[in-house]
Amino acid sequence: SRLSRRHEVRQFSQTRLRDLKRPDFVREVRYTPSYREYRYKNLLGSGLCELMERHGFGAPVLCGYPLRLSSPQLLRQWIEWADTIIVEFPWQYSYVRSQAGAKPVVLAAHNVQAAKSRSGGEVGLADRMLIACTDRLERQAVLGADLIIAVSSEDRQEFAQRYGAEVDKIVVVPNG
């Protein structure tokens with residue numbers, strides 16, 4: 001909302017199944033005259049998000065793959081329209097980067113996902129595979145992004161140490 005004071009902001013969100021089932025579900029929301037959100041309905045993506053949440057893994061790391069499979073026309077149009085693209089999660093980064101061409105892509109990280117996914121205690125084979133997937137997707141996003149927004153100086157250091165990211169391209173914005 002703060003960006004929309006001086007810029008037009010378009011937010012493309014992936015929905016969860018529980019969101020789609022709500023009677024008050026709305027696909028498009030206008031928060032301000034220059035800030036709108038489009039909530040993308042895709043049963044495969046929504047189902048994967050729900051499944052991962054129910055499994056207890058917490059992060060829907062597989063939810064970027066439905067973007068690649070469905071290649072939503074509106075998202076492609078908005079990427080073409082944008083001057084700068086902000087991606088919120090590392091699992092969405094690869095698809096967005098593939099569509100963005102030479103445009104700057106910013107990773108607005110909520111935390112270091114790979115570290116967060118390892119903090120759950122006892123893990124089975126499925127969890128280890130998801131952790132490895134999280135690490136691979138996050139590494140690609142961190143090293144490929146033109147700028148990384150971290151929510152703390154600790155996360156900034158973790159991105160630099162874990163993935164070898166340039167500290168100069170990681171800024172701290174304590175928005176969490």
With the side chain counted from C-beta on, respond yes when D146 and R97 share a heavy-atom pair under 4.5 Å apart, and no when they do not. yes
For the student: nearest non-hydrogen atoms of L143 and K169, plus distance: O-NZ, 3.1 Å
In this structure, CD of E28 is separated from CD of E37 (nearest 0.5 Å) by 9.5 Å
How would you list, by chain and number, every residue that makes a salt bridge (charged side-chain N to carboxylate O under 4.0 Å, His left out) with R22, sequence neighbours excluded? D19, D24
What's the verdict on side chain to side chain contact (heavy atoms under 4.5 Å, CB included) for Q77 and Q73, showing C-alpha distance, side-chain angles and the deciding distance? CA-CA 6 Å; Q77 289 171 350; Q73 182 179 357; 3.1 Å; yes
Can you tell if the side chain of Y93 reaches within under 4.5 Å of the side chain of E138, non-hydrogen atoms only? no
Would you compute the distance between atom CZ of F25 and atom CZ of R18 and round it to the nearest 0.5 angstrom? 12.5 Å
Among the clusters formed by ILVMFWY side chains lying less than 4.5 Å apart, do V167 and I148 turn up in the same one? no
Side-chain heavy atoms of Y95 within contact of P72, under 4.5 Å: yes
For the atom pair CD1 (I170) and CD1 (I149), what is the distance rounded to the nearest 0.5 Å? 12.0 Å
Does V87 belong to the same Ile/Leu/Val/Met/Phe/Trp/Tyr cluster as F12, with side-chain heavy atoms less than 4.5 Å apart forming each link? yes
With no hydrogens and no angle check, is any side-chain donor or acceptor of K103 less than 3.5 Å from a backbone partner on I79? yes
Taking only residues two or more places apart in sequence or in another chain, which ones pass salt bridge (charged side-chain N to carboxylate O under 4.0 Å, His left out) with E8? R10
Measure the acute angle between the ring planes of Y31 and Y35, then classify it against the limits of 30° and 60° as parallel, tilted or perpendicular. tilted
Between S4 (side chain) and S34 (backbone), is there a donor-acceptor pair under 3.5 Å? no
Any chance you could measure Q14, atom CD, to L75, atom CG, to the nearest 0.5 Å? 8.5 Å
For I86, give me all partners under side-chain contact (heavy atoms from CB on, under 4.5 Å), at least two apart in sequence or on another chain. L3, V106, A108
Ionic contact status for R162 with D155, cut-off 4.0 Å: no
Shortest non-hydrogen contact from I85 to A82? CG1-CB, 3.9 Å
With R27, which residues qualify under salt bridge (charged side-chain N to carboxylate O under 4.0 Å, His left out), at least two apart? none
Quick one: salt bridge (Lys or Arg N to Asp or Glu O under 4.0 Å) pairs with a partner in residues 64-93, sequence neighbours left out? none
Using the rule that Ile, Leu, Val, Met, Phe, Trp and Tyr join whenever any side-chain heavy atoms are under 4.5 Å apart, tell me whether V96 and L147 fall into a single cluster. no
Side-chain donor-acceptor pairs under 3.5 Å in residues 42-49, sequence neighbours left out?
| residue | atom | partner | partner atom | Å |
| --- | --- | --- | --- | --- |
| N42 | OD1 | L44 | N | 3.2 |
| N42 | OD1 | G45 | N | 2.6 |
| N42 | ND2 | Y40 | OH | 3.4 |
| S46 | OG | T15 | O | 2.8 |
| S46 | OG | T15 | OG1 | 3.2 |
| S46 | OG | N42 | O | 2.9 |

Look at the side-chain heavy atoms of Ile, Leu, Val, Met, Phe, Trp and Tyr, link any pair under 4.5 Å apart, and say whether V9 and V26 land in one connected group. yes
Is F159 reachable from V172 through a run of hydrophobic residues whose side-chain heavy atoms are each under 4.5 Å from the next? no
